[in-house]
Amino acid sequence: GEVPVGERTVRLDEPIEVVELPFTPPRAGQFELSVSTDPLPGEIVVDNNVVTRRIQVIDDFVRLLYVADEPTWEWRFVKEVFHRDQTVGMRGFRTYLASSDPRVRQSNPLFLSTLIPGRSEFFANDVIFLDDVSSAILTPRFCDLLERFVRDLGGGLVVMAGPRFGPKPLHDTSIAKMLPVILDPQAPVRDEQSFPMRRTSRAREFLFMQLGDSPEENEKAWANLAQVPWYQPVAQTHERAVVLAEHPNDKCNDGTTAQPLIAIRRFGEGEVVFLGFNEMWRLRRMYGETYYRRFWSPLIDRLGLSHALGPRKRFVPRLD
């Protein structure tokens with residue numbers, strides 16, 4: 001039957017007025033929400049005074065897989081953020097560290113004992129992180145599963161450059177063609193001088209790049225990143241990529257395009273994000289988890305959108 005959610009009297013002072021009526025569904029399933037307004041004096045057309053929408057509520061959690069050779073600061077703090085996130089929690093965050101003790105992988109549910117389980121288990125993930133990985137991790141089977149996960153099933157991928165291995169292990173795999181940048185396997189890490197990261201004009205279009213509720217707070221939040229100590233240069237930006245942050249001075253191989261530091265592109269049904277460093281944890285410097293969470297949580301929401309379709313998530317209709 002029908003259940004009333006709320007009622008408001010609205011004064012129409014602006015062309016658009018936003019009215020919030022909080023509603024928590026009592027269970028998972030399909031619901032039909034209806035909003036209606038009383039006709040105004042003299043209003044002739046009343047057909048559009050009622051709007052109905054159907055929604056599907058799923059009782060589930062987002063599944064993240066973090067892959068790295070060894071623990072990094074980014075791994076440590078990303079893990080803390082999502083362990084306390086209601087959409088992920090302790091059940092949703094899993095990791096594979098190549099350097100971890102095999103006995104730990106077998107006994108600790110946080111760690112995966114193998115990086116290439118059955119297809120159904122691998123494809124159950126929603127977002128996969130690659131943080132400074134070696135060629136030993138990037139086996140042909142893993143790369144093949146990862147490509148299908150993003151291209152065909154709409155999974156999300158976050159690739160972070162690290163100071164230990166650089167881009168060369170990725171360059172010789174199918175992962176390279178999914179990235180929003182063109183890798184240069186011979187380019188060494190540039191750590192001669194720290195620098196302030198510069199956001200591009202396109203950054204304002206992406207929620208995960210908006211760390212504050214106002215332009216002033218957003219500037220303050222990003223200033224907290226301070227000087228970035230190093231980054232991994234690339235050959236160039238992919239033609240289908242959107243660059244969200246770049247180096248203030250260094251250029252790509254063409255001599256004109258700025259070196260990308262944060263970039264995103266669509267690959268098949270999914271999206272891939274590239275970070276030219278694994279130093280976002282520095283956003284915690286003065287304000288703890290506040291702005292660090294406001295970067296990662298919306299990014300995961302965006303990349304893991306297909307999870308909202310539950311067991312039917314392998315079929316994701318989209319308009320370009």
Exercise for the section: Determine whether Gln259 and Cys252 make a side-chain contact, defined as any pair of heavy atoms from C-beta on separated by less than 4.5 Å. Expected result: yes
Problem - Partners meeting salt bridge (charged side-chain N to carboxylate O under 4.0 Å, His left out) with Glu80 (sequence neighbours left out) - result: none
Handout entry: With sequence neighbours excluded, residues passing side chain to side chain contact (heavy atoms under 4.5 Å, CB included) with Val189
Key = Asp191, Trp230, Gln232
Practice task
Could you pull out all residues at least two apart from Asp250 that satisfy salt bridge (charged side-chain N to carboxylate O under 4.0 Å, His left out)?
Solution key: Arg190
Handout entry: Residue pairs involving residues 4-13 (criterion salt bridge (Lys or Arg N to Asp or Glu O under 4.0 Å); sequence neighbours excluded)
Key = Arg11-Asp13
Problem - Crowding at CD, Gln227 (>12 non-hydrogen neighbours, <6.0 Å) - result: yes
Fill in the blank from the handout: For Asp152 and Glu269 the tightest heavy-atom approach is O-CG, 3.9 Å
Exercise for the section: Might you point out which heavy atoms bring Leu183 and Val234 nearest each other, and give the distance in Å? Expected result: CD2-CG1, 4.3 Å
Exercise for the section: State the CD-CZ distance between Glu217 and Arg294, to the nearest 0.5 angstrom. Expected result: 5.5 Å
Completion exercise
ring pair (Phe, Tyr, Trp, His ring centres under 6.0 Å) pairs touching residues 251-283, sequence neighbours excluded, are Trp73-Trp281
Fill in the blank from the handout: By salt bridge (charged side-chain N to carboxylate O under 4.0 Å, His left out), Asp47 pairs with (sequence neighbours left out) none
Completion exercise
Across all chains, not counting sequence neighbours, the ring pair (Phe, Tyr, Trp, His ring centres under 6.0 Å) partners of Tyr291 are Tyr287
Completion exercise
Between the CD1 atom in Ile116 and the CD1 atom in Ile137, the distance rounded to the nearest 0.5 Å is 11.5 Å
Fill in the blank from the handout: The reported gap from CG in Leu275 to CD1 in Ile262 (rounded to nearest 0.5 angstrom) is 5.0 Å
Practice task
Report yes or no: is the cationic atom of Arg302 (NZ for Lys, CZ for Arg) under 6.0 Å from the centre of the six-membered ring of Phe208, at an angle within 45° of the ring normal?
Solution key: no
Problem - Within 6.0 Å of CG in Asp254, more than 12 heavy atoms from elsewhere - result: yes
Problem - Donor-acceptor pair between Ser297 and Asp85 side chains, under 3.5 angstrom - result: yes
Problem - With sequence neighbours excluded, residues passing ring pair (Phe, Tyr, Trp, His ring centres under 6.0 Å) with Phe149 - result: none
Handout entry: Distance, nearest 0.5 Å, that separates CD of Glu43 from OG1 of Thr37
Key = 6.5 Å
Practice task
Check side chain to side chain contact (heavy atoms under 4.5 Å, CB included) between Asn249 and all other residues, then give those that pass, not counting sequence neighbours.
Solution key: His247
Fill in the blank from the handout: Contacts of Glu70 meeting side chain to side chain contact (heavy atoms under 4.5 Å, CB included) (sequence neighbours excluded), chain-then-number -> Ser99, Arg164
Exercise for the section: List the steps, then state whether ring pair (Phe, Tyr, Trp, His ring centres under 6.0 Å) holds for Tyr231 with Phe195. Expected result: CA-CA 10 Å; Tyr231 82 101; Phe195 59 91; 5.6 Å; yes
Problem - Under the side chain to side chain contact (heavy atoms under 4.5 Å, CB included) test, residues paired with Ala241 that sit two or more places apart - result: Pro180, Thr237, His238, Arg265
Handout entry: Qualifying ring pair (Phe, Tyr, Trp, His ring centres under 6.0 Å) pairs with a residue from residues 1-56, counting only residues at least two apart or across chains
Key = none
Practice task
Return yes if a side-chain donor-acceptor contact under 3.5 Å exists between Thr72 and Asp131, otherwise no.
Solution key: yes
Handout entry: Lys/Arg-Asp/Glu bridge criterion (N-O < 4.0 Å) met for Lys168, Asp172
Key = no
